[in-house]
Structures are given as C-alpha cells and as structure tokens.
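Okay, structure first, notes after.
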Number of protein chains: 2
Amino acid sequence: MSDAIAVEMTSGKQDIKSDWKPEIATAPLYMQVAHHLEARISKGDFAVGSLLPTENELAEALGVSRQTVRQAIGLLRNKGRLSARKGVGTRVEAIEATNGSTRFIAQSRSELFEIAAETEFVIGYREMVSAQGRLAVDLGCRPGRKFLHITGVRYPANRGRAFSWNEVYIDSRVAAAIKDVTVARRAIFHYIEEFTGEKIHEIQQDVRPVAMDEDIAEKVGCKGGDLALMVTRRYYGSGRRLLEYAFQILPADRFSYTTTLRAEN
Amino acid sequence: MSDAIAVEMTSGKQDIKSDWKPEIATAPLYMQVAHHLEARISKGDFAVGSLLPTENELAEALGVSRQTVRQAIGLLRNKGRLSARKGVGTRVEAIEATNGSTRFIAQSRSELFEIAAETEFVIGYREMVSAQGRLAVDLGCRPGRKFLHITGVRYPANRGRAFSWNEVYIDSRVAAAIKDVTVARRAIFHYIEEFTGEKIHEIQQDVRPVAMDEDIAEKVGCKGGDLALMVTRRYYGSGRRLLEYAFQILPADRFSYTTTLRAEN
DNA sequence: GAAATCAATTAGTACGTACATATACGGATA
DNA sequence: TATCCGTATATGTACGTACTAATTGATTTC
C-alpha cells in the first residue's frame, strides 16, 4: 500500500482535497474508505445529487487501489447513499425520509448500529426468566434455559414521541453485558459484542402487521387497536448460537419503511 | 478466459462434477456462475446445510478465476442462499419460509422477477385515467398526465388462495407494453423493459400496515378490517423518469416478511 | 438544421498475484 | 485427561493489469 498523501486537486466538479490517512490496524481498508466518503458526504464536501470524483481520482487521492475504492463505493451503494452508472459516474443520493419520518427497520447490520445510536432505549423492567412453553419455542431452545427479560420504550435521541415498545431476551451467559445499563444508547447486541468479544454474525429479522395491545398502546402514547408493525429479531453468534431475541412494536403512523432496489449491473 | 472443461472431482464432501459452460455473450460471467450454482443447489447437487466446494475448487472446476467465483458467491450471499465463514467455508442456507409461507417482499430487483415468476397477476380491470389530486401527488407528476390503471388479484402459480390485491398505474407512453396481457406471469415492469428496451434502474418500495378494506377483502377472501401490509412501489427508468406506480395489499396471515442481516466481514 | 459518426470518459468485468486472518485438527506437553 | 501449540485450510483483503461497454459531447456528414 502506497503512502496516503494530502492531495490537492481542483477538478471541474468537486474538490477532492483530503487529509485522510489509513489507520494502523482496525477495520479493513475499504471500510475505512467507505466511512471517510460517507463522512465527507455528510459534511457536504460531496453534494447530494452531484457526481463523486471518479474511481481513479479517488484512488489516487487516497493512496489506495481502484479496487479498494470500488469495494468502498459498493458498500455505500448497498446502503443507498451512492448510485453508479456506467459511462457517467457515481452519484450522491439523498438519504430519503421524504416524508420526514425516521428509518426504523434496518437492512444491514451496520444500519442497526446507526439506528440504535440515534435513539434511546429506556429500560423499564428487568427480570431473569426461565423459557417455558411458547417462549421456549420462540427462542428455539430447550425449556428451562434462563434468559434476562427486559422491556421498555425506545425514544428518538431528542426525547420526542416514543418510537416503539421493545422486549428483549438475552442469554443468561451474556446477560451481565447490560447489568448496569438503564438507558441504552447503543444497540443491545453491541453491548453483548463488547462484553463477550464475540461478534454477532447473523440477525434474522421478521416483520408483520399487528393491532396494538391496550397496555403497550398506553406506554407509547397510542390507542389500543391502532395499527402497528411488529419486528422480531434473532441474534446469532458464532456457531449459530442464539444470544439475543427481541421484538419491537412500531406505531404505524410514526414511521415508514422505505427501501430502494437498484439494478445489479 | 480459459476453456471450461467438464471436470470430475470426487472430493470428500461434495461432488463438483459439472458440464457447465459459459455462454457466448449474455450476462456477465459471474452472474452466469451464480445462476449455475443456484440451479445446482435447487437440484440438490449441493445439499442445504453442507459446505460448498472451496472457491479455488469451484474456480478450477468451472474454468474461471477465483475472483469471479467470489463475485458469484457474493450475489448469492446477498440473497441469503449462501453464508461464508473465514477458515471454514461457504455454507448452503435454507431458503427460509420456515412457516410455509412464501416470501413476498423483495430485497433486490432480481428477486422481484423471481417472485413475479412464481405467481400470476389476473387483471380484472383496465382503464386509461388522468392523474388528478391525490393520485397526481402519489405519482409525483403534473395533474393531467395520462396513465393506464389496471387492478386485479395475484395468485400463486398453482392457483391456491389469493396472495394480494394489486393496483398498477403505467405511464401512457409505455402502456402498450401490456395491451394484450390478461394474465401476467412475469413482473409488469418486465413487460415494460421488453417493450421499450429501456431498463428499470431503480425501484422505490414502501411498506406500511393497513386494515383491509371491505371491497378488497372480499376479492382476496378475507374479512374487512383484517390486518394487512400495503407495499407501494415506484419504478424509475433512466433519468429518474417514473414509468410505473403500483401498490399491493397483502393479507397478514398468509405470508411473512423475513430478512437476514449478516456481518459485512 | 438534423442525423450519423467518432473519440474521450467512466464504471463494469475478468484475470492474476500475494498475503492476512479465522478456524479446525492433530500432536506434543503438563 | 486436559491444555497448549503448530500446521493446514478456508475465506478475506489489497494490490495490479487489461479490456469491455455505456454514455456524453464534439465533429462530420447529409
């Protein structure tokens, strides 16, 4: 890998000047590049709707290979921040929320992190339970396995109206990860990863419409019977071990779930 | 590119034997490889839960580079058919539907094709309309623009219980694409692409819970007020031109919407 | 003036190499 | 027996090169 130099190039379209430097030994290089690009988009260096510098220019400016730039761009394309057209260039896309509502259902693991970072999970209840009957089935474990059951409301970071009602079941072996947490400002599985050092490899997510239950409705400020989405998530560590099971109830009128599907080639 | 030869290798795990050959000039090579692998998974050559031959073995057996195999595997990983672990191998995943219900909300353009191919859209109504008021807003166009409005029920290919109620608005300039179609066995946008030669670059998809309307409920065999999901899709051609607008109403009890989020690295 | 043609530009595809890193397995050791 | 430690093996990362194909815009031609 060649040195990363501060490069100044004033092309016709956008200023590529950047003092970015690869870190020593953290994330893979292409992820660092992706974060760097995303940061500069957020900062306004690369305007929404405009074209990014070409892959070759970026590669030269950042001191990495074009392949690495392409991998980074690929990540951001998956997230919808960028779109590319052959013969034209790579366009900076608006991160939707056209109707002003916050995105709340993730489409990638990293997006789950981001959503959680923008919200607060206020834990209102916490108890050790033993999985029996229906719960054991939902958790896909033998009856009798112990889980820490916590419930609470998730608010936007500015503490406006509640977003969702949440219930979480955590494997007793890793439950200590959140023993001191009363307000979670990161994803619960993030605490678990930090505590165990083990990475969550896979999250299975299920979405279905439900009618809001009276008790829950009251807690998030709706009426019973109101429409809602229930999102269920199962978190698996290495070896497909279920570490966390959680579901949340999202009032239908407070969010929208938008995805953009783009052509692969 | 080296020649693709029929290779016979009986490794310990799985038989790689394959008479696959790259076509002359259709899809990119890595997509062909992806289709080939997917076909052999469906056929049972590679059992669900087992490990695929290694990337190097596949590359050699198919006469392509390891990078190309990796690209193909990457596509199938995105679709959830495969999962990979460093130091272990690439695992063939079950294509969910754990509860027997069919997947119905796509996560990629190609998946939309596949879903449409497994179902039939029986068109029951068809009329030219002029976009006014709310419709013009939904379509994001000036009032007065003409669209072909078609409605109908989508059934599984075997004509079991109805899946969904569908309404589609097609830009009058491309409406001729489906003028002879009474039962669509492919995606509507597929007809449009075929007719115009122009590719749909982007599809925006929105999901929200709704209560079923009496009229619609009757047509798909539910009761009014039943829970459902409404999926709205906007189809854009090149230059962000809206070519098709459609929504469908999916009864909550007949399907589930499951996604798997995997770690990026 | 309009249409066809050509050249430059840009992302996409495909190949190659080398090394990094996580995992599993077998053997040596306590 | 249980633990530790290499070794082999698999995917992951990063680099390189070369060519392909879609698009744009300028130029030529009718």
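The chains referred to below are lettered A, B, ... by the order of the sequence lines, with proteins before strands, and numbering in each begins at 1. All heavy atoms count here, side chains included; hydrogens, waters and symmetry mates do not.
Closest to the A:Glu55 side chain, of the nucleotides C:dT23, C:dA11, D:dG16, is C:dA11. Among D:dT11, D:dA14, D:dT24, the nucleotide with an atom closest to any side-chain atom of A:Tyr30 is D:dA14.
By the side-chain contact (heavy atoms from CB on, under 4.5 Å) test, A:Val48 pairs with A:Val92, A:Ala94, sequence neighbours left out.
OP1 or OP2 of C:dG12 sits under 4.0 Å from a side-chain N or O of A:Arg77. One finds a side-chain N or O of A:Arg70 lying less than 4.0 angstrom from the OP1 or OP2 phosphate oxygen of C:dG12. OP1 or OP2 of D:dT11 sits under 4.0 Å from a side-chain N or O of B:Thr90.
Relative ring orientation between A:Phe147 and A:Tyr169 is described as perpendicular, the plane-to-plane angle rising above 60° on a 0-90° scale split at 30° and 60°.
One atom, CD of A:Gln71, and another, C1' of D:dT11, lie 13 Å apart when rounded to the nearest Å. Rounded to whole Å, atom C1' of D:dA14 lies 18 Å from atom CD of A:Glu60.
Rounded to the nearest 0.5 angstrom, A:His36 NE2 and A:Leu29 CG are separated by 11.5 Å. Between A:Ile150 atom CD1 and A:Glu244 atom CD the span is 7.5 Å, to the nearest 0.5 Å.
In this structure, the side chains of A:Thr232 and A:Asp138 stay at 4.5 Å or more apart for every pair of heavy atoms.
Positionally, the nearest nucleotide of DNA chain D for B:Asn56 lies more toward the 5' end than for the other of A:Val69 and B:Asn56. Both B:Gly89 and A:Thr68 sit near DNA chain D, but only B:Gly89 has its closest nucleotide nearer the 5' end.
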Which protein N or O atoms sit under 3.5 Å from an N or O of nucleotides 17-20 of chain C?
unit_1 : atom_1 : unit_2  : atom_2 : d
C:dT17 : O4     : B:Gln67 : NE2    : 3.1

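At a threshold of 4.0 Å, the pair B:Asp171-B:Arg145 counts as salt-bridged, since one of the basic side-chain nitrogens sits closer than that to a carboxylate oxygen.
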